[in-house]
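The block underneath contains the structure these notes are about, expressed in structure tokens.
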Amino acid sequence: MTTSGPAPATHFIREIIDEDLRTGKHARIQTRFPPEPNGYLHIGHAKAICLNFGLAADYPNSLCNLRFDDTNPTKEEEEFVQSIIEDIRWLGFDWEDRLYYASDYFEKLYEWAEDLVGKGKAYVCDLSADEIRESRGTLTEPGRESPHRNRSPAENLDLLRRMRAGEFPDGSRTLRAKIDMAHGNMNMRDPIMYRILRARHHRTGDAWCIYPTYDWAHGQSDSIEGITHSLCSLEFEDHRPLYDWFLDALGVSHPRQIEFAKLRLSYTVLSKRRLRRLVEEGVVSGWDDPRMPTLRGLRRRGFTPESIRALCDRVGVAKKESVIDLALFEHLLREDLNKRARRAMAVLRPLKLVLVDYPEGKTEELSAVNNPEDPSMGTRTVPFSRELFIEKDDFLEHPPKEFYRLAPGREVRLRYAYFVKCVEVVKDPATGEPIEIRCTHDPATRGGDAPDKRKVKATLHWVSAGHAVAAEVRLYDHLFSVPDPTDAREGKDFKDYLNPNSLAVIPSCRIEPSLAAAAPGVHVQFERVGYFVVDTVDSKPGKPVFNRTVTLRDEWARIQKRHPSSR
RNA sequence: UGGGGCGUCGUUAAGUGGUAUGACACAGGUCUUUGGAACCUGGUUCGGAGGUUCGAAUCCUCCCGCCCCAGCCA
């Protein structure tokens, strides 16, 4: 994944690695991305993916594994394994043959558990879940030792074996590490290593009725894989002493856990719980709704893997919890799409424009550039005729000073076509709304250049009424109307901050004919409007559907925002 | 009144005792057959108070604020 370009931004994790390489602690590094297959990946996961795979790509001979952390069969499913694999591939990363599962290590983990029991560092506890909770103490008071804490290694070994053999009912016993019930860190108060759970595992089936907890499985899995730097998010800082304790107790290769702040983005939510609510409560159409921050949602919305990787490169890696401005993401997206998306003309809200001095029945094929940023993308031809559609917003009968599009008596350019001048406005007698604009055109300006060098203030996009194709366009906007919907006021819920205008469907837009057959997933810039992508689910030949990925920067919109009167 | 973290422009991130820097956002401008893109210009912001020092965002002390932890979830 190495790309040429500016050196990657440095951060505290790189400093640690550089130091480890310099001192010879390691000659190379090995990282891993360890998702639990219990849901879909989102933009927050992308940061961890880019960090882990990116680091491995940047350091010589270094590798990053993909490991599914599948220690809880009640929540995990094969479907998620597949979707996660698909999404990481789409993002552009490769783990070659290093696809692992924590469940691959169940036998080894069990063997190690017996080892700790033998060393007197773990014991079988018969307390119920409630009793354990009750005896754990609180944040300010120490816990009480389990009455089974001092069983002999031999008795513990016997009990552990019988736990594995299925002699005891679910939840009746646990294997716990023998550490310190008075520790200030709750994770060290004899944490649970195994629970009895008769649940079918998506990979090991019914082979086990005891399953390791995260704490018991994670560090040991890292060790088995030869991970050198185990990166995780801040909430695991409290677990690091335990991570270290297990590895030390076992006396095996000891990766270093390093915690960093996970990515948060403004105007959206990223917790699995909240995302699930949006889906289950029907706020969005599903996990791949184009408004969702899931990788599937972003993909369907038209975000590119390149823009996501660029975001992850730019946001930095630190321990400070921060919320990244969505505007940065959109900026990076535009930067990418500007160079790659083909241009086309599409009129979202059509207003008829008739050229009174243009012959009826005549059609011209005018040449248009496919991408001004990339001449190699060539040109295409666009049909032009007497009756056209322009954007409703591009005409104002009584324009404010800052508006320099079409208005009565005013001349503008129709892109790649002619200069036209408004000579008449036909209005709906009932509403007074303009329903047809009549213009003259200057034949000498064919193609859009005036031989006499006269200037016009505006260039408008258009489509030929008789040639344009109908299309459905879905205008997407921020899912929430406030930067941090999770920061809900007293009595409020994050859903109270949903943006009611996050989706507006325009069933019948007019697009230039060259767009009629655009393939699903293709990115295109509707000139002067925004970037769009052909929807991968609902778009059909003959009935195209476009999703707005992001608008273009819009100077006029800003002016209107500043002076609400100018409309 | 337990333990673990974090505080640098609006937002992010650099800075590791010697002129506070970049990106996004914002504001102004140049250019333009996209009010796009590109380019130029702008703002003084180190949580607070003391202290050490010729000199502190960096070192010390105290204070304040925010986040995480009491799953047999990860």
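All chains are named by letter (A, B, ...) in the order of the sequence lines, taking the proteins before the strands, and each is independently numbered beginning at 1.
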- Residue matched to C73(B) through Watson-Crick or wobble contacts both under 3.5 angstrom: none

- Task: Decide whether Glu36(A) and Asn38(A) meet the rule of one side-chain donor and one side-chain acceptor closer than 3.5 Å.
- Result: yes

- Distance-only side-chain donor-acceptor flag, Ser128(A) / Asp130(A), under 3.5 Å: no

Distance check needed: [N] [atom2] versus [X] [atom1], whole Å only.
X	N	atom1	atom2	result
Ile132(A)	G71(B)	CD1	C1'	11 Å
Arg314(A)	U21(B)	CZ	P	19 Å
Glu321(A)	U11(B)	CD	P	15 Å
Phe236(A)	C68(B)	CZ	P	14 Å
Arg189(A)	A70(B)	CZ	C1'	7 Å
Asp325(A)	G22(B)	CG	P	19 Å
Asp70(A)	C73(B)	CG	P	15 Å
Gln257(A)	A74(B)	CD	C1'	12 Å

- Please confirm whether Arg67(A) makes a cation-pi placement over Tyr101(A), using NZ or CZ under 6.0 Å from the six-membered ring centre and within 45° of the ring normal. no

- Taking the side chain of Arg136(A) as its heavy atoms from C-beta onward, which of G71(B), A37(B), C24(B) lies nearest to it? G71(B)

With a 4.0 Å cut-off on heavy atoms, is [X] in touch with a base, just the backbone sugar-phosphate, or nothing at all?
X	value
Arg553(A)	sugar-phosphate
Glu335(A)	nothing
Leu366(A)	nothing

- Task: Would you kindly compare Leu460(A) and Glu237(A) by the position of their nearest RNA chain B nucleotide and give the one closer to the 5′ end?
- Result: Glu237(A)

- Message: Is the ring pair Phe480(A)/Phe494(A) parallel, tilted or perpendicular, if the boundaries are 30 and 60 degrees?
- Response: tilted

- Is Arg380(A) reaching over with its side chain to a backbone N or O of Val369(A), donor-acceptor style, under 3.5 angstrom? yes

- Message: Counting distance alone, no hydrogens or angles: does the base of G35(B) have a donor or acceptor under 3.5 Å from a partner atom on the side chain of Arg528(A)?
- Response: no

